[in-house]
Trainee: 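Before I ask anything, let me first share the structure, which is written out below as structure tokens.
Below, chain A is the first sequence line, B the second, and so on; all start at residue 1.
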Protein chains: 2
Amino acid sequence: MARSNKERTEATRLALIEAARRLFVEKGYAETATPDIVAEAGVTRGALYHHFEDKKALFRAVLEREGEAVAVHIEGVALKGASPRQALLLGASAYFDAMAIAGRTRLLLLEAPAVLGLESVVAIDRENTESTLKTGLSNFLGAAAGAATLQALTDMLSAAFDRAAIAIETGADRAIYEKAIAGLLDGLVRA
Amino acid sequence: MARSNKERTEATRLALIEAARRLFVEKGYAETATPDIVAEAGVTRGALYHHFEDKKALFRAVLEREGEAVAVHIEGVALKGASPRQALLLGASAYFDAMAIAGRTRLLLLEAPAVLGLESVVAIDRENTESTLKTGLSNFLGAAAGAATLQALTDMLSAAFDRAAIAIETGADRAIYEKAIAGLLDGLVRA
DNA sequence: TAACATACAGACAGTTTGTATGTAAAGGCA
DNA sequence: TGCCTTTACATACAAACTGTCTGTATGTTA
């Protein structure tokens with residue numbers, strides 16, 4: 001079976017990323033050894049270090065894939081004709097849907113900050129979910145809030161959503177969190 | 001110089017914890033090797049593994065010390081005669097003061113979840129800051145909010161405070177975040 | 001088809017972690 | 001005070017892991 005180089009590369013990279021994802025989710029980044037990853041992927045360590053600079057780069061590849069999937073899911077929800085308030089609440093709900101995929105909270109919220117450092121995670125976040133939330137909040141609050149305040153609220157609400165996603169995954173009632181979020185948002189415009 | 005066993009133990013444990021704290025803050029948990037820690041502490045690896053089960057246990061000791069210090073600082077602020085609202089805002093401000101100690105955000109918010117796992121961190125949090133925030137919120141909101149809603153709000157606001165502490169450490173204007181927090185809280189009771 | 005580049009495979013060296021064994025100092029007891 | 005046990009280390013050791021280096025086979029290009 002003759003495969004082109006592009007096909008080979010794509011296949012091995014994908015196998016490595018998917019195997020790594022499984023193991024990182026199951027045992028965490030630090031406890032996952034590269035021999036285990038390549039065994040799971042059906043390749044050798046030579047292939048791993050050919051395609052990725054090091055173990056951390058492989059983790060970053062897993063993470064980027066994951067963050068992108070979350071962003072795609074959120075942007076995929078139909079907001080046509082929704083009020084700014086509805087748009088925010090729908091966005092939050094879509095975020096919870098996206099984060100309900102097994103392992104996502106662990107990868108994105110627990111491991112990533114420690115493995116990649118704060119800057120990288122903030123950068124990935126900024127590219128994906130943060131801007132969506134920020135414009136949503138801006139539409140909701142109107143021009144009343146200054147840029148700095150808008151940034152602060154975006155930042156803190158984003159963190160609140162993250163924690164809510166973790167709580168929901170560990171068994172908390174999702175409806176309660178969504179109601180609490182609605183309460184927080186409504187309070188902001190009842191000033 | 002003859003020292004009792006209790007003195008020796010206390011001295012070496014402290015030296016190890018303080019040395020480990022410095023290196024964990026500087027380079028992170030994973031990048032810090034035990035030979036470096038013991039060199040910095042002026043002891044040998046034998047001493048480390050005599051007093052701590054493993055490297056993770058040493059990290060846990062560092063973390064418990066840190067979390068306790070934060071809790072002590074927060075509980076130390078005078079709330080006599082303060083309104084529930086003032087108490088919450090003063091508590092938030094005290095939390096930012098406490099988290100401004102160098103390395104604390106990295107240890108408590110970035111490394112700990114990945115190294116110790118979510119449960120341990122939640123447990124440490126629950127013992128220290130969370131109950132304070134929860135009762136503060138309860139006083140502020142009155143009996144209107146149900147137990148589940150109170151828990152959800154505590155959870156999310158706690159996360160918001162954490163992210164705010166990180167933002168402040170990385171140069172954001174603290175006053176903006178404190179104002180935003182006041183806005184969020186006030187909105188909750190203007191329903 | 002000859003030359004080159006890419007995609008691996010396997011061996012290797014340097015670290016690192018936890019353990020096991022040995023030693024010296026402290027503590028309890030006759 | 002002398003003896004015995006326990007505690008607090010120090011050092012050597014084995015296993016595992018990461019990243020690199022060298023070699024080979026397969027695709028690609030001139």
Side-chain angles (χ1 to χ4, degrees), chain A residues 1-63 111-112 114-117 120, chain B residues 1-63 111-112 114-117 120:
Chain A
M1 55 191 211
R3 292 184 304 171
S4 78
N5 269 348
K6 185 170 292 189
E7 284 171 330
R8 291 212 294 170
T9 291
E10 210 158 326
T12 27
R13 280 187 60 101
L14 190 64
L16 280 168
I17 289 177
E18 289 183 340
R21 201 209 109 105
R22 279 194 292 276
L23 293 173
F24 288 156
V25 167
E26 184 188 347
K27 317 195 309 181
Y29 175 82
E31 309 302 320
T32 300
T34 53
D36 294 346
I37 297 174
V38 298
E40 174 98 359
V43 301
T44 66
R45 278 168 33 86
L48 194 168
Y49 282 91
H50 175 71
H51 288 289
F52 299 94
E53 189 180 345
D54 54 14
K55 189 182 163 189
K56 204 174 288 189
L58 174 56
F59 180 80
R60 194 173 303 122
V62 170
L63 212 81
E111 303 270 351
V115 176
L116 300 183
S120 303
Chain B
M1 57 193 213
R3 292 184 304 171
S4 77
N5 268 349
K6 185 170 291 187
E7 286 170 330
R8 291 212 294 172
T9 291
E10 210 157 326
T12 34
R13 278 186 61 101
L14 190 64
L16 280 168
I17 289 177
E18 290 183 340
R21 201 208 109 105
R22 279 193 292 276
L23 293 173
F24 288 157
V25 167
E26 184 187 348
K27 316 195 308 181
Y29 175 83
E31 308 304 319
T32 301
T34 53
D36 295 345
I37 297 174
V38 299
E40 174 98 0
V43 301
T44 66
R45 276 168 35 85
L48 195 168
Y49 281 91
H50 176 70
H51 288 289
F52 299 93
E53 190 180 343
D54 54 13
K55 188 184 163 188
K56 205 175 288 188
L58 174 56
F59 181 80
R60 196 176 300 120
V62 170
L63 211 82
E111 303 270 351
V115 176
L116 300 182
S120 304

Trainee: Begin from the C-alpha positions of A:N5 and A:R8 and carry the test side-chain contact (heavy atoms from CB on, under 4.5 Å) through to its verdict.
Mentor: CA-CA 5 Å; A:N5 269 348; A:R8 291 212 294 170; 3.5 Å; yes
Trainee: Distance-only, no hydrogens or angles: does the A:E7 side chain make a donor-acceptor pair with backbone N or O of A:S4 under 3.5 Å?
Mentor: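 Answer holds: yes.
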Trainee: A:F52 and A:I17: side-chain contact (heavy atoms from CB on, under 4.5 Å), yes or no, with the steps?
Mentor: CA-CA 10 Å; A:F52 299 94; A:I17 289 177; 4.0 Å; yes
Trainee: For the residue pair A:T12 and A:H50, establish whether any side-chain heavy-atom pair is separated by less than 4.5 Å.
Mentor: no
Trainee: Which listed nucleotide (D:dC17, D:dA8, D:dG19) is nearest to the side chain of A:K55?
Mentor: D:dG19
Trainee: For the pair A:L16 and A:R13, evaluate side-chain contact (heavy atoms from CB on, under 4.5 Å) and give the outcome as yes or no after the intermediate values.
Mentor: CA-CA 5 Å; A:L16 280 168; A:R13 280 187 60 101; 5.8 Å; no
Trainee: Under the side-chain contact (heavy atoms from CB on, under 4.5 Å) criterion, do A:V43 and A:L48 qualify, and how do the steps go?
Mentor: CA-CA 8 Å; A:V43 301; A:L48 194 168; 5.7 Å; no
Trainee: Is the distance from OP1 or OP2 of C:dT16 to the nearest side-chain N or O of B:T34 less than 4.0 Å?
Mentor: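 No, outside the criterion.
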Trainee: In whole angstrom, what separates A:N5's CG from D:dT28's P?
Mentor: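 Interatomic distance, CG of A:N5 to P of D:dT28: 5 Å.
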Trainee: If you count the non-hydrogen atoms of other residues, nucleotides and ligands that lie under 6.0 Å from CD in B:E10, is the total more than 12?
Mentor: no
Trainee: Is the ring pair A:Y29/A:F24 parallel, tilted or perpendicular, if the boundaries are 30 and 60 degrees?
Mentor: tilted
Trainee: Mind running a 4.0 Å heavy-atom check of residues 10-32 of chain A against DNA chain D and sending the residues that fall below it, in number order?
Mentor: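 A:T32, in order of number.
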Trainee: Go nucleotide by nucleotide along DNA chain C from the 5' end; which of B:K56 and B:K6 gets its closest nucleotide reached first?
Mentor: B:K56
Trainee: For DNA chain D, which residues in residues 38-54 of chain A have a heavy atom at a distance below 4.0 Å?
Mentor: A:R45, A:Y49, A:D54
Trainee: For A:E7 and C:dA7, what is the distance between atoms CD and C1' respectively, to the nearest whole Å?
Mentor: 14 Å
Trainee: A:R8 has an atom CZ; how far is it from atom P of C:dA7, in whole Å?
Mentor: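 Whole-Å distance recorded here is 7 Å.
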